[in-house]
Student: 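I have a structure I would like to understand better, so I am pasting it below and will then ask my questions one at a time.
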Amino acid sequence: MTAERLQNHIDGAWTDSDAAEVYEVTNPASGEVIGLTPLCGAEEVDAAVRSAARAYPAWRRTPIQERIQPLFRLKALLEEHAEELAAVVTRENGKTLPEARGSVRRGIQMIEAACGAPSLMMGQALEDIAAGIDCESVRQPLGVFACIAPFNFPAMVPMWFFPFAVACGNTFVCKPSEQVPFSQKLVWRLIDEAGFPPGVLNLVHGGREAVDTLIEHPLVRGVSFVGSSPVAEHVYKTAAAHGKRVQALGGAKNFVIVMPDADMDATVASITDSAFGCAGERCLAASIVVCVGDSHAEVRAGLVRAMGEIEVGDGTREGVTLGPLISAAHKRKVEERIAAGVEEGAELVLDGRGVKVDGSEGGFFLGPTLFDGVSPTMSIGTEEVFGPVLCLMRAETIEDALELARNQPLANASSIFTTSGRHARTFRYEIEASMAGVNIGVAAPMSFFGFGGAKGSFFGDLKAHGREAFDFFTDRKVVISRW
Ligand code: NAD
């Protein structure tokens, strides 16, 4: 079977890319090449941006009730095709079908939230700020926005942005990860059916050159990025230097604190799901468990038991709970991190390397891996691994545990497991991560709340979705009138 070469969607039409270079997309469960992503250059990205810029004046003037109608239709189409989309996500990303279904559901919820634009985009008004003078603040769209997405949530991440951007009257260019282009191909097929005017939503494929063209393009007013921290920082600095607003969501090293008073069965189940769900390729995955006081023995024994029950395999198969990693290269990188952990003196309690999956010999599988005795000076204790690897640390008190988290440069999400309201309060008050969970393994993004990390996990000020999306995608103008 020949691998399909992906097309761009510009000005309301599918177009072939003339890019000479392509990225070979693989099915991570088999290693088979399933697609070729064209690595589009500046000219094709420019065509997508210009298409969005042409569509902007009319779209901006379209009454807001009319602007959200295609979003309602898109929501209905996504519901109809949710199972098909989940299957595409699993095929190109590797996560299990239930995980893929969950991510599609979260994406659809973004569209639902964006349909609240007529209320959420409202400004403020006050009469008689001086005698006979009224004042109002209105929110206005800005023009062309762009998003640059990572590989780990191929369907959902672009939906964190484009529904809100276009509901506010902006037009949009999406660049998915070159590693997972098929999910957005399906989403754009549905966008086509939903009846957005040509050019309002554009899709362009590529890698580094496409990104650099978008973040420097004079017609792009704002950029939403999700990916690793080094690239997030590059995007933030470059786009800001080119006068754009930017929200750049980066990598993670998520701390989980377990107090001795925690409900251990529930805690272990939550941590196992958090660390190994989506093969650990989740920016909210538990990465370090800090066992406080005498919680350590029970946590370790519970995790070893729970990890023994994890079923590694092809994510399309019933009962599989840990799918493959995204690529052979990423699997190698995670294995190198494990080797470094061993070299640095951490105790490798469970080693997922060398796992075999019958019938899927070409897949990029790695079994669940557990380290104990990890210290914050080890690379395994500080660097993002983005794989099914969990590390245990120990602390005497909650303050010591918080100090360990505080010394970590990344701060996306963090959780505490406790039955004490006082400990929960100390944690939520002190923790720097901007997604904080209390007895929750994955403090997941909710469409109606803002989302983004802190410290080295986020570059920018206005976070994604929720009410903050309406701040990011609009500018506020104050009008003072006397008649
Ligand atoms: P990545 O940074 O390698 O790639 C992200 C995007 O940037 C892709 O579209 C890619 O084409 C582009 N890109 C890659 N290198 C580039 C470069 N040098 N210059 C310009 N553009 C470049 O990230 P990834 O491997 O696709 O995704 C995994 C990372 O994303 C992890 O670090 C994870 O924590 C992070 N992530 C964060 C969140 C969050 O909400 N904070 C959510 C999902 C993923």
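If you're wondering where the values come from, they're calculated on a predicted model, not measured in any experiment. Both counts, for ligands and for their atoms, begin at 1 and track the order of listing.
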Student: May I ask you to check whether Ser379 and Glu344 show a side-chain donor-acceptor distance below 3.5 Å?
Tutor: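 Result is yes, a qualifying pair exists.
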
Student: Enumerate the protein residues lying less than 4.0 Å from ligand 1, judged by heavy-atom distances, in chain and residue-number order.
Tutor: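 Shell around ligand 1 (4.0 Å, heavy atoms): Ile148, Ala149, Pro150, Phe151, Asn152, Trp160, Lys175, Ser177, Glu178, Gly207, Arg208, Val211, Phe225, Val226, Gly227, Ser228, Val231, His234, Leu249, Gly250, Gly251, Ala252, Cys283, Glu384, Phe386, Asn412, Phe451.
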
Student: Can you name the residues that form a side-chain hydrogen bond (donor to acceptor under 3.5 Å, both in side chains) with Asp16, not counting sequence neighbours?
Tutor: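 For Asp16, the residues satisfying side-chain hydrogen bond (donor to acceptor under 3.5 Å, both in side chains) (neighbours in sequence not counted) are Gln7.
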
Student: Can you name the side chain to side chain contact (heavy atoms under 4.5 Å, CB included) partners of Ala210, sequence neighbours left out?
Tutor: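 Result, side chain to side chain contact (heavy atoms under 4.5 Å, CB included) vs Ala210: Val45, Lys175.
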
Student: State, with a plain yes or no, whether a side-chain heavy atom of Thr369 is found less than 4.5 Å away from one of Leu390.
Tutor: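 Sidechains of Leu390 and Thr369: no contact.
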
Student: Identify, with sequence neighbours excluded, every residue that meets side chain to side chain contact (heavy atoms under 4.5 Å, CB included) alongside Leu39.
Tutor: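 Testing Leu39 for side chain to side chain contact (heavy atoms under 4.5 Å, CB included), a comparison that skips the adjacent residues, returns Glu21, Tyr23, Glu178.
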
Student: Closer than 4.0 angstrom, basic N to acidic O: yes or no for Lys95 and Glu281?
Tutor: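 No, no charged N to carboxylate O under 4.0 Å.
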
